[in-house]
Amino acid sequence: MFDRLEDLVRRFEEIMNELNEPDVAGDQARFRMLMKEQSDLTPIVEAYKEYRKCSRDVEDSLAMLDEENDEEMRDMLKEELSGAKKRIEELEQKLKILLLPKDPNDDKNVVVEIRAGAGGDEAALFAAEIYRMYIHYAESRRWKTETVEAEEIGIGGMKSVTFMINGVGAYSVMKYESGVHRVQRVPETESGGRIHTSTITVAVMPEAEEVDVQIEEKDIRIDVMRASGNGGQCVNTTDSAVRLTHYPTGIVVYSQTEKSQLQNKAKAFALLRAKLYDMECQKAHDAEAEARRSQIGTGDRSEKIRTYNFPQGRVTDHRINLTLYKLDKVMNGDIQEIIDACIAADQAAKLSRLSEAG
C-alpha cells in the first residue's frame with residue numbers, strides 16, 4: 001500500500017509542475033484532464049502526508065521517552081504518543097478506503113426512473129411522494145433537477161416519472177437508491193383501517209455522454225406528437241413531444257416536458273443513452289459476480305431494499321439492517337444518514353474482500 005502511496009505523491013507533484021507550464025494552460029482539454037486527476041489525488045495525498053507526520057511524531061516521542069527522566073514530562077509524552085498512534089490507525093483506515101477502486105461512473109449526473117408497482121392508486125401516490133423526496137434531497141445538495149417524463153393520475157399520484165439530477169458525484173450517492181421501495185400504511189380510501197402494502201421501483205442510471213454510447217441513425221425511429229396531460233391540461237398546439245424507439249433493444253423513451261420539440265428530442269436522446277449505457281454496465285456487473293457480492297445489494301431492480309412503515313413512523317433499509325424512526329424527515333428529503341450508512345457498509349464489504357484476497 002505504501003509503495004503505491006509514494007507513487008501517487010510523485011504523480012501529484014508531476015501534475016502540479018505540469019499545471020504551471022504555459023503550454024498546458026493553452027491546451028484546455030489537457031488542462032481539464034490534469035485538474036481532474038489533481039482533484040482525485042488531493043484527498044489521498046493530504047491524508048498520506050498527515051500519516052507520515054504522525055509517524056514522525058511517534059518516533060520523536062519514543063526517542064524523547066528514552067532520554068527523559070522527569071515523570072511529569074514522561075506522562076505528557078506518553079499522552080502525545082497515544083494520540084498519535086490512534087490517529088495513525090484512523091488514517092490507515094481512511095487511506096485504505098481512498099485507495100479502493102473507484103466506480104468510473106461516480107462523478108456522473110444521473111437519470112432516475114420511478115415506477116408504481118403493486119398497489120394500484122396507492123402505489124402511484126407513493127411514487128409521487130418518493131419523487132418529491134428525491135427532489136428535496138437534491139435541493140439540499142444544491143443539485144439541479146429536470147423532469148423528462150411523468151405519467152400522472154388524477155389524485156396526485158404518478159404511474160411513472162423520469163427525471164435527471166445534475167451535480168458532481170450524484171451517481172456515487174444516488175446509486176444506492178436502485179431497487180424496490182415498499183410502503184406500509186392505511187390508504188385514505190380504506191374505510192376499515194387496514195394497513196396496505198404497496199411497492200414502487202427506482203432505477204438510478206448514470207448519465208451517458210455521446211462518447212459513451214454510439215447510437216446508429218438506422219436503429220432509431222423518431223415520432224413527434226402533441227403533448228398531453230390530465231383533463232386536457234398541458235396540451236400543446238404544436239407537435240413538441242418526442243418519442244424514440246430503439247429497434248435493437250425495443251427501448252421506447254418519451255419526453256414532453258419542454259415546449260420546444262428540439263429540447264424534448266435532446267432530453268429523449270439523453271434518456272435513451274442512459275438506458276443503453278446502464279444495460280452495458282449491468283452486463284459488466286453480471287460478468288463480475290464475485291465483485292458484486294462484495295457490494296451492498298446486487299443492484300437488481302427486483303431487490304426489496306427499503307420499507308417505509310407509516311403507522312410506526314419508521315424506515316428500514318434491509319440491506320444493512322438500519323432502522324430509523326424519523327419517517328416524516330425522510331419523506332421530506334432527509335436521507336443522508338441512510339446513504340452514508342450504505343456507503344460505509346459498501347466500503348467495509350470491499351475492504352473485507354480485499355483483505356481476504358490478500
Side-chain angles (χ1 to χ4, degrees), residues 8 11-12 15-16 18-19 24-25 27-48 94-114 130-148 161-178 202-213 257 263 266-267 269-278 280-281 284-285 295-296 299 330 332-347 350:
L8 292 175
R11 176 57 189 154
F12 183 79
I15 291 168
M16 296 303 290
E18 281 189 67
L19 286 169
V24 171
D27 184 345
Q28 284 301 302
R30 177 154 179 75
F31 183 77
R32 281 195 298 272
M33 185 186 73
L34 289 170
M35 286 296 291
K36 172 71 171 61
E37 193 177 354
Q38 181 212 28
S39 176
D40 291 342
L41 287 176
T42 296
I44 301 173
V45 171
E46 287 179 350
Y48 184 47
K94 183 178 180 178
L95 285 165
K96 285 177 184 176
I97 290 170
L98 286 169
L99 289 173
L100 283 172
K102 192 177 178 184
D103 187 330
N105 294 317
D106 274 353
D107 290 335
K108 291 181 181 285
N109 299 324
V110 296
V111 175
V112 183
E113 193 175 72
I114 301 171
I130 292 297
Y131 167 65
R132 287 191 290 272
M133 179 184 82
Y134 289 141
I135 295 297
H136 287 315
Y137 176 66
E139 287 171 351
S140 74
R141 298 288 301 251
R142 296 187 176 178
W143 291 341
K144 288 176 63 179
T145 60
E146 291 180 80
T147 303
V148 177
V161 59
T162 303
F163 61 103
M164 301 178 75
I165 299 178
N166 300 317
V168 177
Y171 185 73
S172 69
V173 171
M174 292 298 297
K175 64 184 175 184
Y176 297 100
E177 294 302 298
S178 276
V202 175
V204 178
M205 299 165 279
E207 183 185 24
E209 304 293 332
E210 287 186 38
V211 292
D212 297 323
V213 178
T257 54
Q263 288 173 310
K267 277 192 175 182
F269 267 100
L271 177 55
L272 178 60
R273 280 197 301 270
K275 282 178 174 283
L276 293 172
Y277 185 64
D278 187 56
E280 290 303 311
C281 291
H285 279 311
Q295 296 169 0
I296 293 304
V330 167
N332 201 37
D334 185 4
I335 59 173
Q336 193 62 54
E337 186 176 353
I338 301 172
I339 289 171
D340 286 343
C342 287
I343 292 171
D346 195 19
Q347 290 171 342
K350 287 174 180 173

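All heavy atoms count here, side chains included; hydrogens, waters and symmetry mates do not. All values derive from a computational prediction rather than experimental measurement. All residue numbers in this chain count up from 1 along the given sequence.
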Considering residues, nucleotides and ligands other than Lys144, do more than 12 of their heavy atoms fall under 6.0 Å from its NZ? no

[atom2] on [Y] to [atom1] on [X], rounded to 0.5 Å:
X      : Y      : atom1 : atom2 : value
Lys350 : Leu100 : NZ    : CG    : 7.0 Å
Ile15  : Leu41  : CD1   : CG    : 5.0 Å
Asn109 : Asn166 : CG    : CG    : 4.0 Å

Are the side chains of Val111 and Val148 in contact, using a 4.5 Å heavy-atom criterion? no

Are any non-hydrogen side-chain atoms of Val173 and Arg141 less than 4.5 angstrom apart? yes

Those residues that, when tested against [X], pass side chain to side chain contact (heavy atoms under 4.5 Å, CB included) (two or more places apart):
X      : answer
Asp334 : Lys326, Lys329
Thr145 : Ile135, Ala138, Ile165
Thr42  : Phe12, Gln38, Glu46
Lys96  : Met1, Gln93, Leu351

Report the C-alpha separation of Asp278 and Lys275 in whole Å, then their side-chain angles, then the decisive distance to 0.1 Å, and conclude whether the side-chain contact (heavy atoms from CB on, under 4.5 Å) test is met. CA-CA 5 Å; Asp278 187 56; Lys275 282 178 174 283; 5.6 Å; no

Nearest heavy-atom neighbours spanning [X] and [Y]:
X      : Y      : value
Arg273 : Ala208 : NE-O, 3.1 Å
Tyr171 : Pro206 : CE1-CD, 3.5 Å
Ile44  : Leu8   : CG2-CD1, 4.0 Å

Assess, by modelled atom type and distance only, whether the side chains of Gln336 and Tyr137 contain a donor and an acceptor separated by less than 3.5 Å. yes

Sequence-distant partners of [X], side chain to side chain donor-acceptor pair (under 3.5 Å), two or more places apart:
X      : value
Asn105 : Tyr277
Glu139 : none
Gln263 : none
Lys108 : Asp212

For Phe163, all residues meeting ring-ring contact (aromatic ring centres under 6.0 Å, His included), sequence neighbours excluded: Tyr131

Checking Val204 against Tyr176 for the side-chain contact (heavy atoms from CB on, under 4.5 Å) test, could you report, in this order, the C-alpha distance in whole Å, the side-chain angles of both residues, the deciding distance, and whether it holds? CA-CA 8 Å; Val204 178; Tyr176 297 100; over 6 Å; no

Considering residues at least two apart in sequence or located in another chain, which fulfil the salt bridge (charged side-chain N to carboxylate O under 4.0 Å, His left out) criterion with Arg132? none

Partners passing salt bridge (charged side-chain N to carboxylate O under 4.0 Å, His left out) against Lys36 (at least two apart in sequence or in another chain): Asp40, Asp107

Please collect all salt bridge (charged side-chain N to carboxylate O under 4.0 Å, His left out) contacts where either partner lies in residues 162-176, sequence neighbours excluded, each pair once. Asp103-Lys175, Asp106-Lys175

